[in-house]
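Before any comments, here is the structure.
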Amino acid sequence: MPWDRNQMAERAAQELEDGMYVNLGIGIPTLVANYVGDKDITLQSENGMLGMGPFPFEGEEDPDLINAGKQTITELRRTSYFDSATSFGMIRGGKIAAAILGAMEVSEKGDLANWMIPGKLVKGMGGAMDLVAGVGRVVVVMDHTNKHGDSKVLKECTLPLTGKGVVDRIITNFGVLDVTHKGLHIVELAPGVSREDMIAATEATIV
Amino acid sequence: MKKVYANAAEALDGLLFDGMQIAAGGFGLCGIPELLIAAIRDAGTKDLTVASNNAGVDDFGLGVLLQSKQVKKMMSSYVGENAEFMRQYLSGELELEFNPQGTLAERMRAGGAGIPGFYTKTGVGTVIAEGKEHKDFNGETYILEEGIFADLAIVKAWKADSTGNLIFRKTARNFNPPAAMCGKVCVVEVEEIVEPGDLDPDKIHLPGVYVHRIIKGEHEKRIEQRTVRKREEA
């Protein structure tokens, strides 16, 4: 059985080490916060906050306190606030240890496409280009194939890029792949997924 | 010098002209200068270029200036919440310059700090880098981005003293300080104006040197995505 969304998030949480400052993207990456356990992890929200807390209790929503997905959230005892230039200064400056992000396509060279489908409504890249260019380590969490069953792990991305050569590790429902200069290296397979299954489902070169 | 004005229309008097560039604070609908936006709509100033991370929603925030077709060009990182924006953009009525969010914030900060250009890794190898100068530093490639020098900055803060020292609240700070810095003139709307000395000088987020006019007003502060947890889960 390949991993489901929560199992992918649980696996991605293993990427986080005690003491890390981390930025989590929207979608499956948001679920990663549920699996950090006892590790001391500080979540960054790029609209200007370190130490992001859970959603507020009903009736305690504060319009001045939202995350980068524009959802109401809460603060923690460790929380600090800052402006957007400072926020991206710490991202661009490599102070944020890791970003866990969703993707539409990833290439074997670590290229990432997750912001635009030509011909479809373009909403914008938000902070994704800054994050992938700046943080210490970029981990992508996504389904291995699209809804048509085509591989999202490719030799070359077909969609406009968010960043070139920026992805370090890919976690999908099939398992975990590392981007190396020779190609993709299988780090781990989900239960019931064989090496052959992984290769068959992947357009990119697996070494 | 008197910085406190009675209302948004008076605070903007003499500052608005067709074709001007405005930098606006705010992230989504959080920390947006809603009263100043409404006053610009009422003034009818046209052909605006607006640098703002987002473009509001159809009936609130910068969306109201799109509804009234006063905006010629948006410089933003994410515009996904606004149907009228998309309609005008797809029909060619509205120009759009996408900026990565951190690049937009730094362009504002740089403009305010007298820096006309800076190099960044953000966007290298993407459409954002097309047509921009590339330069290598220590074996890595960077692109040149330009500072923003806006004719006017419109900003929302929590508290001001009457000399323009500002304090923001929680994540409503966001783009407001860099936007304020890059404006030739900066007009700020706040929830409370206090006397000089009432704010702890060590806790000022933006010094009054950047702030030229201040108004106090009632803010709707609309929530875009209301997410909550149930008490039982606690």
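Throughout, a chain's letter reflects where its sequence line sits, starting with A, and its residues are numbered from 1.
- Rounded to the nearest 0.5 angstrom, B:E106 CD and A:F88 CZ are separated by 11.0 Å.
- If you tally non-hydrogen atom pairs under 4.5 Å between each of B:A172, B:P100, B:A105, B:A129 and chain A, the highest count goes to B:P100.
- Side chain of B:T126 to main chain of A:G163: no donor-acceptor pair is present (N/O by atom type, distance under 3.5 Å, no hydrogens or angles).
- For B:R169 and A:D62, the salt-bridge test passes: some basic side-chain N is under 4.0 Å from an acidic carboxylate O.
- How far OG of A:S87 is from CZ of B:F27: 9.0 Å, rounded to the nearest 0.5 Å.
- Between chain B and the options A:I66, A:V132, A:D83, the largest number of non-hydrogen pairs under 4.5 Å is found for A:D83.
- Counting heavy atoms of neighbouring residues, nucleotides and ligands inside a 6.0 Å radius, atom OH of A:Y35 exceeds 12 of them.
- Contact annotation for B:L206: neither backbone nor side-chain heavy atoms come within less than 4.5 Å of a heavy atom of chain A.
- For B:V124, the part sitting under 4.5 Å from any heavy atom of chain A is the backbone (N, CA, C, O) and nothing else.
- Interface residue B:R226: backbone and side-chain heavy atoms are both found under 4.5 Å from chain A.
- For chain B, no part of A:D111 is nearby; none of its heavy atoms comes within less than 4.5 Å.
- Around CD of A:E58, the count of heavy atoms belonging to other residues, nucleotides or ligands within 6.0 Å does not exceed 12.
- Within 6.0 Å of NZ on B:K132 lie more than 12 heavy atoms contributed by other residues, nucleotides or ligands.
- Between chain B and the residues A:R92, A:M116, A:K164, the most heavy-atom pairs under 4.5 angstrom are made by A:R92.
- Contacts of B:N53 with chain A are absent, with no heavy-atom separation under 4.5 Å from either backbone or side chain.
- Between the side chain of B:T171 and the backbone N or O of A:G48, no donor-acceptor pair lies under 3.5 Å.
- In summary, of the residues considered (B:K221, B:K170, B:R222, B:R173), a salt bridge (Lys or Arg N to Asp or Glu O under 4.0 Å) with A:D64 occurs for B:K221 alone.
- One finds the CE atom of A:M125 at 10.5 Å from the CD atom of B:Q101 (value rounded to the nearest 0.5 Å).
- Looking only at heavy-atom pairs under 4.5 Å with chain B, the residue among A:E60, A:M49, A:E61 that has the most is A:E61.
- No side-chain donor-acceptor contact under 3.5 Å links B:R229 to the backbone of A:P54.
- For A:E46, the parts lying under 4.5 angstrom from a heavy atom of chain B are both the backbone and the side chain.
- Ranked by heavy-atom pairs under 4.5 Å with chain A, the list B:H219, B:R109, B:M86 is led by B:M86.
- Within a 6.0 Å radius of NZ in A:K95, other residues, nucleotides and ligands contribute 12 heavy atoms or fewer.
- Contact annotation for A:T162: only backbone heavy atoms (N, CA, C, O) come within less than 4.5 Å of a heavy atom of chain B.
- Stacking of B:R231 on the aromatic ring of A:F57 is recorded, both the 6.0 Å distance cut-off and the 45° axial limit being met.
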(request) Run the numbers on B:Y78 and A:K70 for side chain to side chain contact (heavy atoms under 4.5 Å, CB included), then give the verdict. (result) CA-CA 12 Å; B:Y78 191 83; A:K70 284 128 192 169; 3.7 Å; yes

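- Of all the listed residues (B:T122, B:V79, B:L29, B:L90), the one sharing the greatest number of non-hydrogen pairs under 4.5 Å with chain A is B:T122.
- At a 4.5 Å heavy-atom cutoff, A:I91 makes no contact with chain B through either its backbone or its side chain.
- In terms of heavy-atom pairs under 4.5 angstrom with chain B, the leader among A:Q71, A:M129, A:K123 is A:K123.
- Between A:L161 and B:G125, the closest heavy-atom pair is CD1-O, 3.7 Å.
- Here CG of B:N174 is found 7.0 Å from CG of A:N47. Values are rounded to the nearest 0.5 Å.
- Interface remark: A:A68 contributes backbone and side-chain atoms alike to the contact with chain B (heavy atom separation under 4.5 Å).
- Neither the backbone nor the side chain of A:V166 comes within contact range of chain B; no heavy atom of the residue lies under 4.5 Å from a heavy atom of that chain.
- Between A:G124 and B:F98 the shortest heavy-atom distance is CA-CE2, 3.3 Å.
- To the nearest 0.5 Å, the span separating CG on A:D130 from OG1 on B:T103 amounts to 5.0 Å.
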